[in-house]
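In what follows, chains carry the letters A, B, and so on, assigned in the order in which the sequence lines appear, proteins first and then strands, with residues in each chain numbered from 1.
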2 protein chains.
Amino acid sequence: MRNDVRELRVDKGLSQSDLGAVLNVSRQTVNAIETGRYSPSLPLAIAIARFFGHAVEEVFHVD
Amino acid sequence: MRNDVRELRVDKGLSQSDLGAVLNVSRQTVNAIETGRYSPSLPLAIAIARFFGHAVEEVFHVD
DNA sequence: TACCGATGTCAAGGTTACTTTACATACATG
DNA sequence: CATGTATGTAAAGTAACCTTGACATCGGTA
């Protein structure tokens, strides 16, 4: 499971902490997702995709 | 989190057990998702959506 | 130098997702 | 009636997700 969260976040000029605040999760959670330590839950994945204006499958790729 | 898994599954003439086999999860997991006991993991949600030929957001709806 | 924002990561703990095993109900068919 | 298939659900265990708190590094800037 790779994803484009970091790229999308940086393009928006946001810190991991900023994005965490938007999504109501901790900055550590954002970091773990970006660095691939684990996949987000489905509700969180949908929230992330929606925030960036993409479909879930466009942001999260099965390897 | 509601979803259309049951409807999609029944339309294909599959049992919960059949779908579990396709997705490599137990029939209890399929049942739990259909009955809304919990949301699937992101990889499983993507596998489900892909199997039915839909986007994740089309199958799983934030309430 | 000293400070600060951003990032990476760890530990400990709570909750959710998933497993196997098991038992129950309902329905169809021999 | 007896059997088989499909479904619902529970219990107990493991793994994954997510939290707070903490510590470290790096780059910029006063």
Engineer: Rounded to whole Å, please give me the gap between CD in A:E34 and C1' in C:dG8.
Structural biologist: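 Answer to the nearest Å: 11 Å.
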Engineer: Strictly below 4.0 Å: does A:N31 bring a side-chain N or O up to OP1 or OP2 of C:dG8?
Structural biologist: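 True: A:N31 side-chain N/O within range (under 4.0 Å) of C:dG8 OP1/OP2.
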Engineer: Other residues, nucleotides and ligands only: do more than 12 of their heavy atoms fall within 6.0 Å of CZ on A:R50?
Structural biologist: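 No - once you tally the heavy atoms of other residues, nucleotides and ligands closer than 6.0 Å, there are 12 at most.
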Engineer: Round to a whole Å and report the spacing from CD of B:Q16 to P of D:dT9.
Structural biologist: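 My rounded result for the distance is 10 Å.
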Engineer: How would you summarise protein contacts on nucleotides 14-30 of chain D per nucleotide, using B for base, S for sugar-phosphate only and - for none, with heavy-atom distances below 4.0 Å?
Structural biologist: ---SBBBBB--------
Engineer: Kindly indicate whether the side chain of B:M1, heavy atoms from C-beta on, has any atom under 4.5 Å from the side chain of A:I46.
Structural biologist: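 Yes, side chains in contact.
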Engineer: Quickly work out the A:L19 CG to C:dG8 P distance and round it to whole Å.
Structural biologist: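 Value for this atom pair: 13 Å.
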Engineer: Using a cut-off of strictly less than 4.0 Å, decide whether A:R9 has a side-chain nitrogen or oxygen near OP1 or OP2 of C:dT7.
Structural biologist: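 True: A:R9 side-chain N/O within range (under 4.0 Å) of C:dT7 OP1/OP2.
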Engineer: Establish, from distance only, whether the side-chain atoms of A:H61 and A:D4 form a donor-acceptor pair under 3.5 Å.
Structural biologist: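 Yes, because at least one side-chain N or O of A:H61 sits under 3.5 Å from a partner of the opposite role on A:D4.
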Engineer: Under a 4.5 Å cut-off applied to non-hydrogen side-chain atoms, are B:T29 and B:L44 in contact?
Structural biologist: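 Answer yes - side chains close enough.
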Engineer: If you take all heavy atoms of A:A49 and B:E57, which pair is closest and at what distance?
Structural biologist: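 Nearest pair, atom of A:A49 first, then B:E57: CB-OE2, 4.1 Å.
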Engineer: Tell me the closest heavy-atom pair linking B:Q16 and B:E34, and the distance in Å.
Structural biologist: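 What the structure gives for the nearest pair is NE2-OE1, 3.1 Å.
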Engineer: How bent is the helix from C:dT1-D:dA30 to C:dG30-D:dC1, comparing axes over its five end pairs at each side, to the nearest 10°?
Structural biologist: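 Answer rounded to 10°: the end axes differ by 10°.
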Engineer: To the nearest Å, give me how far apart CE (B:M1) and P (C:dT15) are.
Structural biologist: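 To the nearest whole Å, that distance equals 21 Å.
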Engineer: Any side-chain heavy atom of B:K12 sitting closer than 4.5 Å to one from B:F52?
Structural biologist: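 A side-chain contact under 4.5 Å exists here.
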Engineer: Less than 4.5 Å apart, side chain to side chain, heavy atoms only: is that true for A:I33 and A:I48?
Structural biologist: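 Heavy-atom side-chain distance check passes, below 4.5 Å.
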